[in-house]
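Everything below concerns the one structure shown next.
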Amino acid sequence: MRVLITGAAGFLGSHLVDRFLAGGHRVVGVDNFVTGTWRNLEHLEGADEFFFIEHDISNPLFLAERVDGVLHFASPASPVDYLELPIQTLKVGSLGTHNSLGLAKAHGARFLLASTSEVYGDPQIHPQSEEYWGHVNPIGPRGVYDEAKRFAEAITMAYHRYHGLEPRIARIFNTYGPRMRPADGRVVSNFIVQGLRREPITLYGDGNQTRSFCFVDDEVEGLFRLFFSDYSDPMNIGNPIEFTIRQLAELVLEETGGGSDLVEHPLPQDDPKVRQPDISLAKAQLDWEPRTDLRDGLRKTVPYFRNLVEKEGAKARTLS
Ligand code: NAD
Ligand code: UDP
């Protein structure tokens, strides 16, 4: 198959490119580098089966060569990024999804949307299964991301119903691993970089809010299987083991050598208090579940950040 992946220079997109190439497929990567970096793809320079187009997918993209799949991963994903880029985030989730769907329709290609656990907002049902419609503040600061993704799911299903497009919708839960930017601003990269630099760990709120963290290799395997499945409704892809943010901080300190204090900062508006995927559907449909526990995943991730901290003086990025 030849697949087109938007957001290919980002954290998840670049791992997905590698997974498709490893599976013997050809890949066209698209990115405008707004939050991604060529460094995530430079190992593919000169590779026969990989082609890259620098393009903002919020503008239409026409492609002469046939593609069999379109995977739409372009979007700022870290809260720090999407709060700084609210209009671009809304545009890539709406216009960017529309353009990616148009491309898939023109090529008769299968379409996979990178959706998110944020469609559930600050959930009142716990854990979250796919039937839950969510609890989102449309006009709060996070609404630019959450509502863009909810729109993206809606237009994807409209293309399915009205144009017969074959959709796959992955609701991705917090994923971490090598290739995240040190200054990405999400919690795992922040805590690891702060721990390595022996700087205070920035806990937002009291750290009792929860997330469920999936190592990138597990996540990408789930996404890859979803793409090749015949399941067309949304599916949670994430690790169901839940941690408080304070527990994450303590684990990161153990893995980075300790020496940092935990310092509380104000909790951002509308920050979800809990998050945990129900992955029964993925288990049943894809015969998939994560294999890497958080400590092992951190051990595979810390050396990547240590290298960037030691060689380049990389720093974390926090909400001001
Ligand atoms: P990332 O910021 O590392 O990657 C996003 C990529 O998209 C970047 O390379 C960026 O330059 C590119 N991009 C953004 N807007 C673009 C545009 N208009 N045109 C072309 N390229 C554009 O983030 P990520 O963690 O790799 O997330 C990838 C996708 O997965 C996003 O759609 C995100 O919403 C979704 N997702 C990720 C997570 C996670 O935990 N990593 C969780 C839920 C959903
Ligand atoms: N968080 C934190 N310190 C940080 C960054 C994030 O305590 O330096 C918290 C944040 O408030 C949230 C959780 O960690 O409760 C996960 O945040 P992240 O930005 O990784 O993604 P989210 O799941 O909120 O989209």
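Whatever order the structure lists them in is the order used to number ligands and atoms, beginning at 1.
For Gly96, the closest heavy-atom approach to ligand 1 does not fall below 4.0 Å. Residue Arg186 places a heavy atom less than 4.0 Å from ligand 1.
The residues Glu147 and Arg150 are annotated as salt-bridged, a charged nitrogen and a carboxylate oxygen being separated by less than 4.0 angstrom. Taking the charged nitrogens against the carboxylate oxygens, Lys273 and Asp122 do have a contact shorter than 4.0 Å, which makes a salt bridge.
A cation-pi contact, defined as under 6.0 Å to the ring centre and within 45° of the axis, links Arg110 to Phe227.
Side chains of Met157 and Ile169 form a contact here, defined as non-hydrogen atoms less than 4.5 Å apart.
Of the heavy atoms in Gln209, only side-chain atoms (C-beta onward) come closer than 4.0 Å to ligand 2.
For atom 5 (C) of ligand 1, the nearest non-hydrogen atom of the protein is Ser75 O, 3.3 Å. With respect to atom 22 (P) of ligand 2, the closest heavy atom belonging to the protein is Arg142 NH2, 3.6 Å. When only non-hydrogen protein atoms are considered, atom 1 (P) of ligand 1 lies nearest to Thr35 OG1, 3.8 Å.
Atoms of ligand 2 lying under 4.0 Å from at least one heavy atom of Asn174, given by number and element, are 21 (O), 22 (P), 23 (O). Contact atoms of ligand 2 toward Asp271: 10 (C), 11 (O), 12 (C), 15 (O) (distance under 4.0 Å to a heavy atom of the residue). Close approach of ligand 2 to Arg186 (heavy-atom distance below 4.0 Å) involves ligand atoms 19 (O), 20 (O). The ligand atoms of ligand 2 that sit less than 4.0 angstrom from a heavy atom of Arg275 are 22 (P), 23 (O), 25 (O).
On a distance-only criterion, Pro76 and ligand 1 share no N/O pair closer than 3.5 Å. Considering backbone and side-chain atoms alike, Thr318 places every N or O at 3.5 Å or more from each N or O of ligand 2. An N or O contact shorter than 3.5 Å links Val187 to ligand 2 by distance. Polar contact with ligand 2: absent for Gln194 (N/O pair, distance under 3.5 Å).
For the side-chain hydrogen bond (donor to acceptor under 3.5 Å, both in side chains) with Arg275, the lone residue among Glu118, Gln128, Glu242 that qualifies is Glu118.
Under the 6.0 Å cut-off for aromatic ring centres, Phe20 and Phe224 qualify, their centroids lying closer than that. Ring-centre distance between Phe228 and His25: below the 6.0 Å cut-off. Taking the six-membered ring wherever Trp is involved, the centroid distance between the rings of Trp133 and Tyr120 does not fall below 6.0 Å.
Compare Asn32, Asn174, Val34 by their heavy atoms: the one nearest to atom 21 (N) of ligand 1 is in Asn32.
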